[in-house]
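Order of listing sets the numbers, starting from 1, for every ligand and every atom in it.
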Amino acid sequence: MFQKILIANRGEIACRVAATARRMGVKTVAVYSDADAHAKHVAACDEAVHIGGSAPKDSYLRWERILEAARATGAQAIHPGYGFLSENEDFARACAEAGLVFIGPPASAIADMGLKAESKRLMDKAGVPLVPGYQGEDQDPQLLQREADRIGYPVLIKASAGGGGKGMRLVENSEDFAAALDSCKREAINSFGNAAVLVEKYVLRPRHIEIQVFGDTQGNVVYLFERDCSVQRRHQKVLEEAPAPGMTPELRRRMGEAAVAAAKAVGYVGAGTVEFIVEQPGGYDQPEAMKFYFMEMNTRLQVEHPVTEAITGEDLVEWQLRVAFGEPLPKRQDELAITGHAVEARICAENPDNQFLPATGTLAVYAKPECTAFERENLQGTSARPRIDDGVRCGDAISPFYDSMIAKLIVHGETREQALARLDDALAQTHIVGLATNVQFLRHVVKSDAFRRAQLDTALIQREAAVLFDQDRVGLPLAAAAAVAQTLAREQAGAVAGDPFSQRDGWRGLLASHRRFDFDYRSQPATAWLRYGQAGAAHHLSVGADGSENVSASDLAFAVLPDGALELQFAGQRTRARVYAQGEALEVFTPQGATLEVFTPQGATRIAVVDPLAHAGETASEGGRLTAPMPGKVVSFAVQAGDQVSKGQPLAVMEAMKMEHTIAAPADGVVAELLYAPGDQVAEGAELLRLTQE
Ligand code: ADP
Ligand code: ADP
Ligand code: MG
């Protein structure tokens, strides 16, 4: 086996690869950028080499630096992880030329599968079923239009070099085709430097089911079954599971064999994934009617590989290292089997209620459920505990330089139902404070009827929007009770610590037996009145929305548990709540003017305790300024100076952290000036355009 490898990546996948290497007795070398000088992946490896600035093009994409680091440290092989250089055929070739083993497929296989159109042509020859479409070299717009008309609408135009859910346009009818083609080509050039497109039939209500394949240098190829990745937003995966619900052994075998044929057609070696789009003409309940078509092959380890590890008990990184070293595949097809059901949730820094806008910030609180890290013995569901693969620690920053994934939570159960229950439990115990995340959104998806009943297709999130977005599962009464209880608990703790002035309880006889709290809850004012109970008696709390009407009033009882959580009883509800103050050190929790994050088993919410005097009239609008919500790149403007716009109308598109974000007009007005051009890099808060309001 190799003695030392270099991991040309960062974050969770670098940590993941390092864990297997360590177990196998292989030394590891990390590489890191300026922003990652203190990152977890650096600590996870035996050695580390600084390779440049924070932007990927200055570090993780600079292969001459990476090759130099490998030479300097005596690494024999390079694991590229996913993203960055993993699907770069030139890099794979440069490794070989430098006498290093690239832990991945041969450069020729990356090239064959690198472009969607070419790979479809190859797959056609290998007899792999394709989505009906046009993938020819001739890119004459009139020809493409005729092909689209022949295929029949709706069609999807795809950038042949595209990836990451980008460079696709859905076209509903013939009249819209020309404009969509133009815009797709523009994006293809900008994002991938290659204008070639293909046209495909747009499959309605499809599922995304992919097959994990593995090949070795002796020409053996096996499949490690399927993963269902249908739950997507913006064509990007959110939840992945294995096996695919409703899959029949017969369909699994056919899809597996098609994937193996695809891999063999390009002389594949190592870990790869063949992605299929699956039509469900019989609806969700008729898997026998499902038809699958090749979409693309990803020539690397996939983000969602842990669900395959959980159901097969195999360590895919170990397989990668063995195969790259020249060993045969550890198992034959007939030695592989599925046990139980596994689900992975991608925890991302983003705001689902605001079009999944990516978020940056510091992980002020990062509390995880009791979990296993990546460990061999926990691969298969011998443990009821979830597995968490992450590359961050409490206090780390999620920066704008890399993508927004914070962690992956993987659960296993004997059945899908059990796995989902474990997933919800694990998500409920995942507390992240300091930036927006999708944790609660994931819980809503997991608990939705559609997902529970496995009514899966790629539009599930849009379809179920009503129960997924802007949800309030905690409610004002409980949120206010938790905030009040936490305040009292802190004050009592302060008193114990010997500060007489923090001992509000002691003052209450002198001042008043009532106390008022003003809140801001989901952008609405709310008030709570606390009446202190006599010694030994319960406190009484009444909570009202809009400063007046009582919505709830009852005794309030609480106890602080050893782990700092509150056991809370109010208005007929008994629950556990964990309350964190946002935006400041948790020890200097101040009841006035703090935003509290409240986590309960039902859900999580945010409630601000406001000082009614200090905050009066502070929310005046910013007028006509339209600023970048995060650092990123201006993709396009939808308006020009002088245009009349109405409230909500899209004005500009920005791209950051792999996501596009539309900036809409906050009010009716006239565009006075555009302050940047498409392609410009802008800082957070930069003014993008000026709007004159009428
Ligand atoms: P998977 O199918 O494994 O989920 P994704 O398409 O989500 O793959 O991408 C996996 C990783 O590859 C991402 O986290 C990112 O690092 C990288 N990646 C893929 N495509 C792009 C792209 N167009 N731009 C930037 N990064 C990309
Ligand atoms: P990427 O390289 O960005 O991952 P893919 O070709 O794998 O691009 O497609 C990404 C997603 O787009 C799929 O998972 C699926 O949700 C959707 N998609 C792709 N092709 C089709 C199609 N022909 N019909 C319907 N949806 C599609
Ligand atoms: Mg894909």
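- The pair Glu655-Lys166 meets the salt-bridge criterion, with a side-chain N (NZ, NE, NH1 or NH2) lying under 4.0 Å from an Asp/Glu carboxylate O.
- Residues passing the salt bridge (charged side-chain N to carboxylate O under 4.0 Å, His left out) test with Glu137, sequence neighbours excluded: Arg121.
- Note: Phe84 and Tyr402 have perpendicular aromatic rings, judged against thresholds of 30 and 60 degrees for the angle between ring planes.
- Looking at residues two or more places apart in sequence or on another chain, you find no side chain to side chain donor-acceptor pair (under 3.5 Å) involving Glu175.
- A side-chain donor-acceptor contact under 3.5 Å links Glu87 to the backbone of Thr299.
- Less than 4.0 angstrom separates some heavy atom of Gln232 from each of these atoms of ligand 2: 11 (C), 13 (C), 14 (O), 15 (C), 16 (O).
- Looking at Glu275 and the Mg ion (ligand 3) together, the shortest N, O or S contact belongs to OE1.
- Considering each of Arg205, Glu279, Glu296, Met295, the one bringing a non-hydrogen atom nearest atom 1 (P) of ligand 2 is Glu296.
- In Glu296, the N, O or S atom that comes nearest to the Mg ion (ligand 3) is OE2.
- Contacts with ligand 2 closer than 4.0 Å are made by heavy atoms of both the backbone and the side chain of Val203.
- The ligand atoms of ligand 2 that sit less than 4.0 angstrom from a heavy atom of Thr458 are 16 (O).
- For Lys237, no heavy-atom contact with ligand 2 is shorter than 4.0 Å.
- For the pair Arg453 and Tyr284, the cation-pi criterion (under 6.0 Å, within 45° of the ring axis) is not fulfilled.
- The shortest separation from a heavy atom of Gln236 to ligand 2 is not under 4.0 Å, leaving the residue out of contact.
- Every atom of ligand 2 with a heavy atom of Tyr202 under 4.0 Å away is listed here by number and element: 24 (N), 25 (C), 26 (N).
- Glu240 has a carboxylate O that lies under 4.0 Å from a charged side-chain N of Arg346, or vice versa, which qualifies the two as a salt bridge.
- Listed by number with element, the atoms of ligand 2 under 4.0 Å from a non-hydrogen atom of Met168 are 9 (O), 10 (C), 12 (O).
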